[in-house]
Amino acid sequence: MSERIETLKKARERMADDRDAFAKTLAAPFDRDKAERARLKFIETQVLIDAIDRAIDGEQAGPAAAA
């Protein structure tokens, strides 16, 4: 496996851990301030995870997909 893919997978794992922490905050008893911040950070983190997934797919496809 290439070093790039390995780095992307580690980054994705870290972001998934962060996302889980935000989800726990959202599942906790309601606190408006915390919930609003956690919701925004959850969405931002999920968008980043989706981008990392696309980057991993692009790396695995290799140069043939660019042609």
Side-chain angles (χ1 to χ4, degrees):
M1 186 178 316
S2 82
E3 186 177 337
R4 282 186 196 171
I5 293 174
E6 191 65 34
T7 300
L8 288 166
K9 286 185 176 186
K10 286 179 184 177
R12 187 195 190 287
E13 184 176 335
R14 249 188 221 140
M15 291 300 99
D17 290 343
D18 286 353
R19 182 192 57 197
D20 292 347
F22 298 129
K24 286 179 184 177
T25 301
L26 291 169
F30 187 72
D31 175 328
R32 185 179 195 99
D33 256 2
K34 286 182 183 178
E36 286 178 1
R37 277 184 266 133
R39 185 179 62 237
L40 292 173
K41 293 305 256 176
F42 181 93
I43 292 167
E44 181 181 289
T45 304
Q46 184 60 47
V47 168
L48 179 56
I49 289 170
D50 293 342
I52 292 171
D53 286 343
R54 289 191 305 273
I56 290 170
D57 290 345
E59 287 293 324
Q60 290 175 338

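What you are looking at is a predicted structure, and each value in this text was computed from that prediction instead of being measured. In what follows, residues are counted from 1 in the order of the sequence shown.
Note on residues 44-54: pairs passing side chain to side chain donor-acceptor pair (under 3.5 Å), not counting sequence neighbours, are Arg12-Asp53, Arg19-Gln46, Lys41-Glu44, Gln46-Asp50. The side chain to side chain donor-acceptor pair (under 3.5 Å) contacts involving residues 22-36 comprise Arg32-Glu36, where partners must be two or more places apart or lie in separate chains.
Under a hydrophobic clustering in which Ile, Leu, Val, Met, Phe, Trp and Tyr are joined whenever their side-chain heavy atoms come within less than 4.5 Å, directly or via other members, Met15 and Phe42 fall into different clusters.
Across all non-hydrogen atoms, the minimal contact from Ile52 to Leu8 is CG2-O, 3.4 Å. In plain terms, the two heavy atoms of Ala35 and Leu26 that are nearest each other are O-CD2, 3.5 Å.
Considering only residues two or more places apart in sequence or on other chains, Arg39 meets the side-chain hydrogen bond (donor to acceptor under 3.5 Å, both in side chains) condition with none of them.
Taking CD1 of Ile5 as the reference point, atom CG of Asp57 lies at 9.5 Å (rounded to 0.5 Å). Here the straight-line distance linking atom CG of Asp17 with atom CZ of Arg14 works out to 9.0 Å at 0.5 Å rounding. Taking CZ of Phe22 as the start and CD1 of Ile43 as the end, the distance is 11.5 Å to the nearest 0.5 Å.
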